[in-house]
Colleague: 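Here you go, one structure.
Sequence lines set the chain letters: A, B, ... in the order given, protein chains first and strands last, and positions in each chain run from 1.
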Amino acid sequence: MDRYDAHTVETKWQRIWDESRAFEVPNPEPGAPRNERKSYVLEMLPYPSGTLHIGHVLVYTLGDVLAHFYRRTGSDVLRPMGYDSFGLPAENAALKEGEHPRDIVERNIVSIRRTMKRLGWAIDWSRELSTHDPEYYRWTQWLFLKFFEAGHTYRKAALVNWCPNDQTVLANEQVRDGHCERCGAEVEARKLEQWFFRITAYADSLLDEMKDLDWPERVLAMQRNWIGRSEGAEVLFRVDELDIDIPVFTTRPDTLFGATFFVLAPEHPLVDRLAEQSPNADEIRTYVRKAGARPVEERAAGTDKTGVFTGFFATNPVNDARIPIWVADYVLMDYGTGAIMAVPAHDERDGEFAERFDLPVKVVIDDDGKLVDSAQFAGLPHDEAAKAIVEWLGSHGRGRPAVSYRLRDWGYSRQRYWGCPIPIVYCDDCGIVPVPEEELPVILPEVEDYKPKGIPPLAQAEDWVRVPCPQCGKEGRREVETMDTFVDSSWYFLRYCDPKNEDAPYDRELADSWMPVDHYTGGLDHSTVHLIYARYFQKVLNELGLSSHREPFKRFFGNGFVTQGGAKISKRVGGAATPDELVESYGADATRLSILFIGPADQDMEWTPSGVEGMQRFLRRLWRLVGEVADNSSAGGAPDDGALARRAHRTIARATDDLGRRQQFHTPIAAVMELVNDLSKAPDDPAARFAAETTVSLIQPYAPHVAEELWERLGHERLWEQPWPQADPAFLEEDTFELVVQVNGKVRDRFRVPADLPEDELVARAKESPKVQAHLNGGEIRQTIVVPRKLVNLVVG
RNA sequence: GCCGAAGUGGCGGAAUUGGCAGACGCGCCGGACUCAAAAUCCGGUUCCCUUCGGGGAGUGUGGGUUCAAGUCCCACCUUCGGCACCA
């Protein structure tokens, strides 16, 4: 038999799959019967600002293994691919290269697609989509209109994170330690009119419906953290001089008697009113201005507290104590009510502030957790006291139980060029007017210069901006902001279900039949952002009657990062081996195997060249052994129940369980390697052909090209369509087993015995062993433990 | 500080329900083939002691439960990830 040559084999089968459209799954005619079992296998779509790196090889090979496995275990498998092609990185790359972002992403898409095909991923290419394609973003805009009509999106002036370098607004999720996640520039606070999705209205749905998700606990925990629900109370403090009540949110109503001062955020709307009537007016206004200009990072750091006294006092509803009202920037306007009661004895931050400004501290909870100095509540354990105090507040009209969230509404306005235009017209008479559905898509116009200058580049396209108001016909102006790309990726999985639809984003019945995604795979860096936004979208679509499902991703597998030479591999790091180079040097199959064999795919892993060399060796060995079996007609006997046949069945059972239930991708490879080792030691076994076929069949999801070639040499065809092998339970049972004999818990002997020996016989044989007797030392056996089919443990005095 | 994950040979890791620790691979050592090398094949490879029969220790640390613990319980250490002036 000839030598294993990866390139010949891989080009041959890639051509056959392409020509036979092997992995396309046509949508059924309406009403036609369809396979009961479906599996929607999806990985996060790539961002075409560069080419693929080895991290992508991991993600898409994971999905590929699952897609093959589920197809061969009887499901209709939907496995599409597309490109998240709008967004900043492409635009920044374009600016650097002096090219149009569209040219850059489209060139990258061609290259990415070629690499994907060279890796032999089983993708339904007929469903390919790009989010920058007007045929796609037309429907992003259409969905925006539905959200707008139903009040799920709105405009408000808000303090935003402004990146001075990228000249755009960033979501909270895109700010890391006060710096822009993408370019690293220090983020500034700015007040701007922005578009928001009302995601906070779904905070409880997002939390409660996690119970329906088969997701890693750590991802769910991150989302819980991110939503940050906390229960407490809202309490009204009276300001007599102004005849107003100011609400505060607290998680510790039990400490109400310990409040010794009161703090407003500098941005609080009442601060202006207080300043007007305060003798300290100038001081207050200066402070507010300074606080606003203070770098976001410095303000969040929590060091050195600052603040200013307003000259006013608030009245504590429980004890009528008059406490001074301060303005301080350690209180945030966009959490709770923007005002707090300060309890320096029981809150670290309030404590620091009190120390800095020499304010009184009053202890109201003792070391046993009981209330002191708190009128009729004194002596109660603090958790009971919290309830009692809230009840008292309620009955006196001064407070009520309340819930607060860390989650903010999703601001998605971007002052950049390369994104989906927001289909809105501003009219002096009619206000904010949506573009009528039939005028979609609002095409992203060409502009002279899309360099960010603080005003959105689309504003330059004067002819495009000026448009008659859809309502009154008077001249209006188009919205010149574009959408965050996370909007594009919040519904793409639905479009895949019906990607060519020209009348709707997708046919609801088709989408309902494929959704939810059964196996979603992607990086843990999207644990909060993309995965929360997509969940939110799905819930709104459900309530708008556009989908039956409330969760988009039933099962999520978060893959680890791949490092090379200790550095995280991303589009920012150069010098790493590229997927194309690996395929060139080792072949697609060896590359695919090596990335999955490194270790558990949900943990970070270091990629080394020696791994792929080992896989190349394994494949050569497999090629030679299977070739020998295929050429040896005498090895073709019916599989008996010999050792090799049993090994093969056990390997099937292990691989099936690992892939289907345990989501473990590296151990099936080890199991198959063991079987190959067994086969190499018994090439003339009557079950040799069966073992060879089993090996080839089980390795197919990982190394589909070489598997297909060997399958053909074994005299069969179209392995990718063959049913996944099934382990025969009769072959899993051994008729002998190795009995382990322990004395006082230490292994002293082991030997094979028939599987059907009764327990007393097992004990008798154990005692007979000379090695065991040496350790028994003639002592009295006080206890005998027998574990069927495993061991005997003799406990002596 | 709060939440989450993880600590096993020289390295990546396996051990699924408490029952033989170290599967599989990498690396290394030895051997075969070769004029030689590469490739390939065969064997060995947790550590310590050994009279070569075997013996002892061992899964981050210290305790505990159990006939039996990598696995369960308690306390702690370290690393990684997330959140954090969020009241």
Side-chain angles (χ1 to χ4, degrees), chain A residues 3 216-230 232 248-252 255 263 265 299-305 328-332 334-343 346-350 352-353 404-408 524-525 527-528 558 560-561 593-594 597-600 602-615 617-618 620-621 624 654 657-658 661-662 664 666-677 680-681 738-747 749-750 771 774 782-796:
Chain A
R3 245 176 83 88
E217 175 51 37
R218 56 177 164 161
V219 177
L220 295 177
M222 278 190 235
Q223 295 212 346
R224 253 181 245 117
N225 245 331
W226 193 263
I227 295 166
R229 181 190 155 101
S230 38
V248 301
F249 174 75
T250 178
T251 55
R252 297 294 305 278
T255 64
V263 187
R299 189 168 162 180
T303 48
D304 49 294
K305 298 260 182 304
D329 69 359
Y330 82 93
V331 173
L332 309 174
D334 52 2
Y335 184 77
T337 62
I340 62 154
M341 62 174 209
V343 185
H346 303 293
D347 182 283
E348 207 181 324
R349 298 150 300 175
D350 297 344
E352 281 171 29
F353 193 82
S404 197
Y405 301 91
R406 203 196 76 97
L407 183 74
R408 307 288 146 82
L524 291 163
D525 45 342
S527 296
T528 46
F561 288 121
L593 276 166
S594 66
F597 189 65
I598 296 174
D602 56 354
Q603 289 168 31
D604 290 353
M605 59 196 87
E606 168 80 10
W607 192 90
T608 54
S610 57
V612 70
E613 281 159 17
M615 281 307 153
R617 262 199 293 276
F618 166 68
R620 282 202 275 253
R621 191 169 141 85
R624 186 172 53 82
R654 264 180 73 185
D657 190 46
D658 283 355
R661 182 179 62 87
R662 296 180 68 205
Q664 208 165 265
H666 62 313
T667 44
I669 303 174
V672 170
M673 284 174 165
E674 282 184 66
L675 184 58
V676 170
N677 290 343
S680 78
K681 283 173 189 133
E738 189 171 66
L739 178 71
V740 170
V741 185
Q742 298 179 330
V743 177
N744 288 342
K746 285 187 196 276
V747 179
D749 200 5
R750 57 189 80 183
K771 289 179 188 168
R782 288 189 316 176
Q783 200 181 350
T784 308
I785 283 107
V786 180
V787 182
R789 302 183 66 87
K790 286 222 167 75
L791 61 75
V792 169
N793 186 9
L794 304 172
V795 186
V796 293

Colleague: Could you tell me whether the phosphate oxygens of B/rC24, OP1 or OP2, come under 4.0 Å of any side-chain nitrogen or oxygen in A/Q664?
Modeller: no

Colleague: Quick one: which of B/rC3, B/rA87, B/rC24 gets closest to the side chain of A/F597?
Modeller: B/rC24

Colleague: May I ask you to verify if any side-chain N or O of A/H666 is less than 4.0 angstrom from the OP1 or OP2 atom of B/rG13?
Modeller: no

Colleague: Just call it for A/G614: base, sugar-phosphate, or nothing, with non-hydrogen atoms closer than 4.0 Å on any strand.
Modeller: sugar-phosphate

Colleague: What's the shortest heavy-atom distance between A/R406 and A/N225, and which atoms?
Modeller: NE-O, 3.7 Å

Colleague: If we ignore hydrogens and angles and just use 3.5 Å, is the side chain of A/D347 paired with the main-chain N or O of A/A342 as donor and acceptor?
Modeller: no

Colleague: Taking NZ, NE, NH1 and NH2 as the nitrogens, is one of them in A/R408 or A/D334 under 4.0 Å from a carboxylate oxygen of the other?
Modeller: yes

Colleague: Between the side chain of A/Q664 and the main-chain N/O of A/P600, is any donor-acceptor distance below 3.5 Å?
Modeller: no

Colleague: What integer number of Å spans the P atoms of B/rC33 and B/rC28?
Modeller: 22 Å

Colleague: Below 4.0 angstrom from OP1 or OP2 of B/rA84, is there any side-chain N or O of A/R406?
Modeller: yes

Colleague: Distance between the P atoms of B/rC24 and B/rU46, in whole angstroms?
Modeller: 12 Å

Colleague: For the side chain of A/E674, counting heavy atoms from C-beta on, which of B/rC24, B/rA87, B/rC83 is nearest?
Modeller: B/rC24

Colleague: Should B/rG1 form a Watson-Crick or G-U wobble pair with both distances under 3.5 Å, which nucleotide is its partner?
Modeller: B/rC83

Colleague: Got a second to check how far A/T784's OG1 is from A/N793's CG, nearest 0.5 Å?
Modeller: 8.5 Å

Colleague: How many whole angstroms separate atom CE of A/M222 from atom P of B/rC83?
Modeller: 8 Å

Colleague: Does A/R662 put a side-chain nitrogen or oxygen below 4.0 Å from OP1 or OP2 of B/rA15?
Modeller: yes

Colleague: For A/D657, answer base if it contacts any base atom (sugar-phosphate contacts may also be present), sugar-phosphate if it contacts only those atoms, and nothing otherwise; contact means non-hydrogen atoms under 4.0 Å.
Modeller: base

Colleague: Closest to the A/D329 side chain: B/rU16, B/rA15, B/rC85?
Modeller: B/rC85

Colleague: Hey, is B/rG4 sitting syn or anti, using the within-90° cutoff around 0?
Modeller: anti

Colleague: Identify the two heavy atoms, one from A/M341 and one from A/R252, that lie closest to each other, and give their separation to 0.1 Å.
Modeller: CE-O, 3.8 Å

Colleague: Report which part of the nucleic acid A/P216 touches: base, sugar-phosphate, or nothing (heavy-atom distance under 4.0 Å, all strands).
Modeller: nothing

Colleague: So, applying side-chain contact (heavy atoms from CB on, under 4.5 Å) with A/I340, which one of A/Y335, A/F249, A/Y330 is it?
Modeller: A/Y330

Colleague: Can you tell me which nucleotide in B/rG25, B/rG82, B/rA87 comes closest to the side chain of A/M673?
Modeller: B/rG25

Colleague: Choosing from B/rG4, B/rG27, B/rC24, which nucleotide comes nearest the side chain of A/S610?
Modeller: B/rG27

Colleague: I'd like a table of atom pairs between the protein and nucleotides 19-21 of chain B - only N or O on both sides, under 3.5 Å - with the distance next to each one.
Modeller:
from	atom 1	to	atom 2	distance (Å)
B/rC20	O2	A/R750	NH1	2.2
B/rC20	N3	A/E738	OE1	3.4

Colleague: Taking only side-chain N and O atoms of A/T528, does any of them lie within less than 4.0 angstrom of OP1 or OP2 on B/rG82?
Modeller: no

Colleague: Could you check how far CG of A/L593 sits from P of B/rC26, rounded to whole Å?
Modeller: 13 Å

Colleague: Any chance you could list the contact pattern along nucleotides 39-50 of chain B? Use B for base contacts, S for sugar-phosphate-only contacts and - for none, protein heavy atoms under 4.0 Å, 5' to 3'.
Modeller: -SSS--------

Colleague: Taking syn as within 90° of 0 and anti otherwise, name the glycosidic form of B/rG53.
Modeller: syn

Colleague: Side chain of A/D658 only, please: which of B/rC83, B/rC85, B/rU16 is the nearest?
Modeller: B/rU16

Colleague: Which part of the nucleic acid, if any, lies within reach of A/S230 when heavy atoms closer than 4.0 Å are counted: base, sugar-phosphate only, or nothing?
Modeller: sugar-phosphate

Colleague: What is the distance, rounded to the nearest whole Å, between atom CG of A/D334 and atom P of B/rA84?
Modeller: 12 Å

